[in-house]
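Here the structure is laid out as structure tokens; the discussion comes afterwards.
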Amino acid sequence: MRIPLDDRSRVLVLTGAGISAESGVPTFRDANGLWEGHDVTRVASPEGFEDDPTLVWRFYAGRRAAMAGVRPNAGHAALVALEARLGDRFLLATQNVDGLHRDAGSTRMVEMHGNLMTTRCATCDRAPFRDTTAHATVPVCTSCHGGLLRPDIVWFGESLDPAVLDRLEQFVTTAGRDLVFVAVGTSGVVYPAAGLVEVTRRVGGTSYLVNLEPPANVASFDHVVLGPSATQLPTLFA
Ligand code: BJW
Ligand code: ZN
């Protein structure tokens, strides 16, 4: 299949863990949402961090270390090529925190759930900073002397950056019926990302799904392509 685009089309691509699977990054719900027997919603929540910051940092330290040598794949590259073709009529919204879209060369992009290699203070408002260290112990803030540092990631129950939500809303509103929404490699259970397909329907746009298997919200899509994204995306946007 090929996604038909004309010179009015505005393409919003939403990606999830599935697009990075072929680069060797494990998806979330692969192991039934478990990590070393812990419920992922516990190690990725403010309550979990409050209860056991050491456990949370162990989870993120492992994920940081696992990124060594990981490279973007043909699916990421296909989105870079599409952006080059469409310019400002393209926006990529990724739920992934792995940074692979940026490594591949995507620039018109929002990271909805933050970035794995960025750290911030849980207490003070110092600017988030790049940090690739796989911390073995909980790092402490040197600005406010005592605040615990945490990954700059949007955990369950936390709000997304309003600037990210504004940019998405602006893109969708401007596009209206010219919106082509393409969701790639995502299980469609985590909001607000999972609701973008309904938003597309409301503005009169067209939606596509590219996923290995049918996700929770499959019935909401106009067109469904089942298969691995690294193989499917280059063909869809050829
Ligand atoms: C392939 C493939 C290949 C494999 N090719 N495909 C409205 C309704 C109900 C609940 C809520 C709601 N609004 C908010 C909520 C609460 C909550 C939520 O959604 N809960 C649901 C679980 C019910 N949302 C929030 O808390 C969000 N905050 C918010 O909305 O604030 C306002 C608010 C708060 C509270 C109440 C109400 C409003 C924040 C969500 C933050 C999510 N963060 C996480 C973890 C941290 C990131 C990290 O550590 O990395 O982000 S959760 C986790 O899931 C991670 C992911 O980005 C996210 C999505 O996962 P994804 O990408 O879909 O991965 P998988 O593994 O689930 O799926 C992979 C898919 O790929 C599968 O389908 C495979 O088949 C496929 N695949 N290989 C193509 N090669
Ligand atoms: Zn601080």
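Atoms within each ligand, like the ligands themselves, are counted from 1 in listed order. Along the sequence shown, residues are numbered consecutively beginning with 1.
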Q.
With heavy-atom distances below 4.0 Å as the criterion, list the atoms of ligand 1 near Phe156.
A. 22 (C), 26 (O), 52 (S)
Q | Taking atom 62 (O) of ligand 1 as the reference point, the nearest protein heavy atom with its distance | A | Ala17 N, 2.8 Å
Q. Relative to the heavy atoms of Gly16, which atoms of ligand 1 are at a distance of less than 4.0 Å?
A. 62 (O)
Q. Val189 heavy atoms, cut-off 4.0 Å: which ligand 1 atoms fall inside?
A. 19 (O), 21 (C), 22 (C), 23 (C)
Q. Are the side chain of Asn211 and the backbone of Thr186 linked by a donor-acceptor contact shorter than 3.5 Å?
A. yes
Q | ligand 1 to Gly185 polar contact by distance, N or O atoms, under 3.5 Å | A | yes
Q | Element-labelled atoms of ligand 1 that are located less than 4.0 Å from some non-hydrogen atom of Glu22 | A | 3 (C), 5 (N), 80 (N)
**Q.** N, O or S from His145 under 2.8 Å to the Zn ion (ligand 2)
**A.** no
Q) Looking at Glu111 and Arg102, does any basic side-chain N land under 4.0 Å from a carboxylate oxygen? A) yes
Q) Tell me: protein heavy atom nearest atom 5 (N) of ligand 1, and distance? A) Ser229 N, 2.9 Å
**Q.** Numbering as shown, the atoms of ligand 1 that approach Arg63 to under 4.0 Å (heavy-atom distance)
**A.** 48 (C), 49 (O), 50 (O)
(Q) Check the orientation of Tyr208 and His223. Use parallel for under 30°, tilted for 30 to 60°, and perpendicular for over 60°. (A) parallel
Q | atom 45 (C) of ligand 1: the protein heavy-atom neighbour that sits closest, reported with distance to 0.1 Å | A | Ala44 CB, 4.0 Å
Q | Derivation of the side-chain contact (heavy atoms from CB on, under 4.5 Å) call for Val180 and Leu12 | A | CA-CA 6 Å; Val180 177; Leu12 173 63; over 6 Å; no
Q) Purely on distance, is any nitrogen or oxygen of Phe28 under 3.5 Å from one on ligand 1? A) yes
**Q.** Short N or O distance, Asn96 and ligand 1, threshold 3.5 Å exclusive
**A.** no
**Q.** Salt bridge flag under 4.0 Å for residues Asp88 and Arg108
**A.** yes
Q.
Geometry only, no angles: is Tyr60 polar-contacting ligand 1 at N/O separations under 3.5 Å?
A. yes
Q.
Is there a polar contact between ligand 1 and Val154, counting only N or O atoms under 3.5 Å apart?
A. yes
(Q) Looking at Ser106, is its backbone amide N or carbonyl O close enough to the side chain of Glu83 to form a donor-acceptor pair, meaning the two atoms are under 3.5 Å apart? (A) no
Q | Atom indices of ligand 1, in the order listed, that fall short of 4.0 Å to a heavy atom of Gly227 | A | 5 (N), 79 (C)
(Q) Among all protein heavy atoms in this structure, tell me which lies nearest to atom 3 (C) of ligand 1, with the distance rounded to 0.1 Å. (A) Gly18 O, 3.3 Å
Q: Check whether any side-chain N or O of Thr133 sits under 3.5 Å from a backbone N or O of His135 as a donor-acceptor pair, and report yes or no.
A: no
Q. In degrees, rounded to 10 degrees, what angle do Cys144 atom SG and Cys141 atom SG make at the Zn ion (ligand 2)?
A. 100°
Q) Considering only the protein, which heavy-atom contact is closest to atom 60 (O) of ligand 1, and what is its distance? A) Arg29 NH1, 3.1 Å
(Q) Treating Asp222 as the side-chain partner and Ser207 as the backbone partner, does any N or O pair qualify as donor plus acceptor under 3.5 Å? (A) yes
(Q) With respect to Gly157, determine whether any N or O atom, backbone or side chain, lies less than 3.5 Å from an N or O atom of ligand 1. (A) yes
Q) Counting only heavy atoms not in Glu198, do more than 12 fall under 6.0 Å of its CD? A) yes
Q) atom 69 (C) of ligand 1: protein heavy atom closer than 4.0 Å? A) yes
Q) Among His113, Glu213, Gln232, which one has a heavy atom closest to atom 44 (C) of ligand 1? A) His113
Q. With backbone taken as N, CA, C and O and side chain as the heavy atoms from C-beta onward, which portion of Glu158 lies under 4.0 Å from ligand 1: side chain, backbone, both, or neither?
A. backbone
Q: Give the residue and atom name of whichever protein heavy atom lies nearest to atom 59 (C) of ligand 1, and the separation in Å to one decimal.
A: Gln95 OE1, 3.3 Å
(Q) Please check whether Ile153 reaches ligand 1 - meaning an N/O of the residue sits under 3.5 Å from an N/O of the ligand, judged on distance alone. (A) no
Q. Does atom 33 (C) of ligand 1 have any protein heavy atom closer than 4.0 Å?
A. no
Q: Check Val97 against ligand 1 and report side chain, backbone, both or neither, counting heavy atoms closer than 4.0 Å.
A: side chain
Q) Does Phe237 offer a backbone N or O that forms a donor-acceptor pair with the side chain of Arg85 under 3.5 Å? A) yes
**Q.** Region of Thr41 that comes within reach of ligand 1 [heavy atoms, distance under 4.0 Å]
**A.** neither
(Q) Looking at Asn73 and Ile19, would you say the former's side chain and the latter's main chain have a donor-acceptor pair under 3.5 Å? (A) yes
(Q) Whether Arg10 and Asp178 form a salt bridge (side-chain N of Lys/Arg under 4.0 Å from carboxylate O of Asp/Glu) is what I want to check. (A) no
Q: Counting heavy atoms only, name the option from Val25, Thr27, Thr186, Leu226 that's nearest to atom 61 (P) of ligand 1.
A: Thr186
Q: Among all protein heavy atoms, pick out the one at the shortest distance from atom 74 (C) of ligand 1; state its residue, atom name and that distance to 0.1 Å.
A: Asn211 ND2, 3.9 Å
Q: Identify the protein heavy atom lying closest to atom 79 (C) of ligand 1, giving its residue, its atom name and the separation to 0.1 Å.
A: Leu212 N, 3.5 Å
Q) Would you say atom 38 (C) of ligand 1 has a protein heavy atom nearer than 4.0 Å? A) no
Q.
Which of the numbered atoms in ligand 1 are under 4.0 angstrom from any heavy atom belonging to Ala21?
A. 78 (N)
Q) Rounded to the nearest 0.5 Å, how far does CG of Leu92 lie from CZ of Phe171? A) 10.5 Å
Q | Val225 vs Leu236 side-chain heavy atoms within contact, under 4.5 Å | A | yes
Q) Would you say Pro192 and ligand 1 have an N/O pair spaced under 3.5 Å apart? A) no
Q: Could you please compute the angle at the Zn ion (ligand 2) from SG of Cys121 to SG of Cys124, rounded to 10°?
A: 110°
Q: May I ask you to say whether Arg63 pairs ionically with Asp98, meaning some side-chain N is under 4.0 Å from a carboxylate O?
A: no
(Q) For atom 18 (C) of ligand 1, tell me which residue out of Trp155, Tyr191, Phe59 has the closest non-hydrogen atom. (A) Tyr191
Q. So does Glu158 pair up with Arg150, basic N to acidic O under 4.0 Å?
A. yes
Q.
Would the distance check show the side chain of Trp155 and the main-chain N or O of Phe49 forming a donor-acceptor pair, the cut-off being under 3.5 Å?
A. no
Q: For the pair Thr119 and Arg130, evaluate side-chain contact (heavy atoms from CB on, under 4.5 Å) and give the outcome as yes or no after the intermediate values.
A: CA-CA 6 Å; Thr119 293; Arg130 182 165 168 83; over 6 Å; no
Q: Give a yes or no on whether a salt bridge exists between Asp125 and Arg120, defined as a side-chain N under 4.0 angstrom from a carboxylate O.
A: no
